[in-house]
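Chain letters run A, B, ... following the sequence lines, proteins first and then strands; every chain starts at 1.
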Protein chains: 2
Amino acid sequence: MDVAITEPFNREKQFAAKRRAVIRSAGQAFRRRGYHNASMKDIAQSLGLTKPALYYYVKNKEEVLLECHLMAYDAMDEILAVKRAANLTALDELERLFGQFVEMLTDAGVSLLTDVDSLSEPNKAAVLSRRRKIERKIVKLVKAGQNDGSIRNGDAQLHAFFFMGALNWLNAWYDAQGRLKSEQIAHHFALQMRRGIQA
Amino acid sequence: MDVAITEPFNREKQFAAKRRAVIRSAGQAFRRRGYHNASMKDIAQSLGLTKPALYYYVKNKEEVLLECHLMAYDAMDEILAVKRAANLTALDELERLFGQFVEMLTDAGVSLLTDVDSLSEPNKAAVLSRRRKIERKIVKLVKAGQNDGSIRNGDAQLHAFFFMGALNWLNAWYDAQGRLKSEQIAHHFALQMRRGIQA
DNA sequence: TATAATTTTGACCCTTGAGTCAAATTTATT
DNA sequence: AATAAATTTGACTCAAGGGTCAAAATTATA
């Protein structure tokens with residue numbers, strides 16, 4: 001086989017995959033116990049590694065937190081990127097998006113963290129900028145809905161802040177083993193979001 | 001004047017007042033920067049004190065966090081304690097309560113914190129127990145609304161989790177100096193909450 | 001099998017911040 | 001003014017946890 005090129009590429013892939021696993025695992029820990037309550041040693045152990053082995057894959061703890069944030073925002077961007085069908089109202093679209101966000105946070109192991117103050121200034125700014133960009137898209141959609149008549153009037157920003165809270169609060173109570181199943185939550189939340197703002 | 005009794009009482013009052021000030025000030029710091037990012041030294045300085053002076057009023061940092069949680073729950077209990085007028089639907093009542101919660105978190109300097117994992121087991125259990133007690137009251141009210149026909153059917157717990165998220169998310173974005181004024185937010189949120197669950 | 005690259009580790013260093021204490025200062029009482 | 005109580009502080013101790021490093025172990029390559 002033509003390994004001369006693919007082999008080193010596979011090595012990189014292995015490395016990247018392991019690195020992602022580190023970030024994801026750390027994300028779970030941060031989500032459950034909080035950034036400062038989850039030590040690098042804990043995170044390493046939960047992957048069957050030792051601390052120095054972790055540091056082979058990441059520069060420092062803050063970098064891990066940063067990537068957790070960005071990973072979640074990437075996932076949200078991906079959901080937001082899908083162009084909506086022309087026949088749907090902005091409200092319909094928002095309902096669909098919101099349901100997908102919920103599923104992403106429950107089903108898929110994506111962790112939407114809130115601890116932004118544990119980042120140093122440049123990173124904090126970067127994360128907040130990403131967050132605002134997503135918020136802006138959503139607010140824009142709310143305004144579109146107010147124009148197409150599907151969403152009732154009122155401060156669009158407040159409309160959005162309200163239901164984004166429901167999303168961020170998921171971390172505090174959602175339990176994959178619990179009574180409430182991902183799909184059920186997504187469906188319920190999407191509807192409650194819709195009703196809250198519909199015209 | 002008959003000081004023999006009132007004087008020592010005043011001393012205690014002074015002490016208690018200063019102690020409360022410490023808790024409240026710490027609460028602001030925890031809310032803004034997070035429990036672990038706000039050092040006891042910071043908290044002391046923001047009150048014009050030094051660290052050892054703080055420790056004259058509180059046992060340790062965890063105690064401060066605990067009291068912050070309890071203080072917020074006390075305020076919520078107080079709001080919840082008011083008997084509702086017999087002619088109001090449960091939904092009306094819920095709307096009123098929710099608006100009051102929002103005002104309490106914005107106008108009054110009450111800090112509703114989410115960091116429960118930085119508490120040791122017994123304290124964490126105590127805080128979660130208080131939280132659940134409040135949640136239970138609210139869920140009960142939701143169910144009452146489903147009985148009196150003012151609130152649409154669906155999992156009452158999910159109804160509540162959704163709008164409680166909006167409340168907890170306030171910390172992340174509310175700024176007393178910002179564009180959005182307390183009363184406006186309270187009114188808007190109360191309505192959006194109502195619409196989300198009304199029959 | 002020998003050699004080189006990658007991955008992992010035990011043992012360490014170092015900073016940060018919680019918490020303490022004996023002594024100083026301020027405030028009230030006789 | 002003298003004494004006692006309450007309050008505040010400078011100067012510490014100490015543990016936890018982030019991060020490093022030289023060497024060992026593993027895996028791939030010649």
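Rounded to whole Å, the distance from CZ on A/R19 to P on C/dT8 is 15 Å. Remark: P of D/dT9 and CG of B/L54 are 10 Å apart, rounded to the nearest angstrom. Atom C1' of nucleotide D/dT26 and atom OH of A/Y56 are separated by 12 Å, given to the nearest angstrom. Taking atom CG on B/L49 and atom P on C/dT25, their separation rounds to 18 Å, with Å as the unit. Rounded to an integer number of Å, the gap from CD of B/E62 to P of C/dG19 is 9 Å. Look at NZ on A/K59: it is 10 Å from P on D/dG19, rounded to the nearest Å. Rounded to an integer number of Å, the gap from B/K18 NZ to D/dA6 P is 13 Å. Atom-to-atom, NZ of A/K13 to C1' of C/dT7 comes out at 20 Å; the value is rounded to the nearest Å.
Here A/F163 pairs with A/F98 under the ring pair (Phe, Tyr, Trp, His ring centres under 6.0 Å) rule; sequence neighbours left out. Evaluation of the side-chain hydrogen bond (donor to acceptor under 3.5 Å, both in side chains) rule for A/K124 yields A/D117 as partners, not counting sequence neighbours. Partners of A/Y174 according to the ring pair (Phe, Tyr, Trp, His ring centres under 6.0 Å) rule, which considers only residues two or more places apart in sequence or in another chain, do not exist here. Applying the ring pair (Phe, Tyr, Trp, His ring centres under 6.0 Å) criterion to B/H188, with sequence neighbours excluded, gives A/H159. For A/Y55, the ring pair (Phe, Tyr, Trp, His ring centres under 6.0 Å) criterion is met by no residue, not counting sequence neighbours.
A salt bridge links A/R130 and A/D74; the closest N-O separation between the charged side-chain nitrogens and carboxylate oxygens is under 4.0 Å.
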With the criterion being N/O to N/O and under 3.5 Å, what pairs connect the protein with nucleotides 15-18 of chain C, and how long is each?
{"from": "C/dA18", "atom 1": "OP1", "to": "B/K61", "atom 2": "NZ", "distance (Å)": "2.8"}
{"from": "C/dA18", "atom 1": "OP2", "to": "B/M40", "atom 2": "N", "distance (Å)": "2.9"}
{"from": "C/dA18", "atom 1": "N7", "to": "B/K51", "atom 2": "NZ", "distance (Å)": "3.0"}

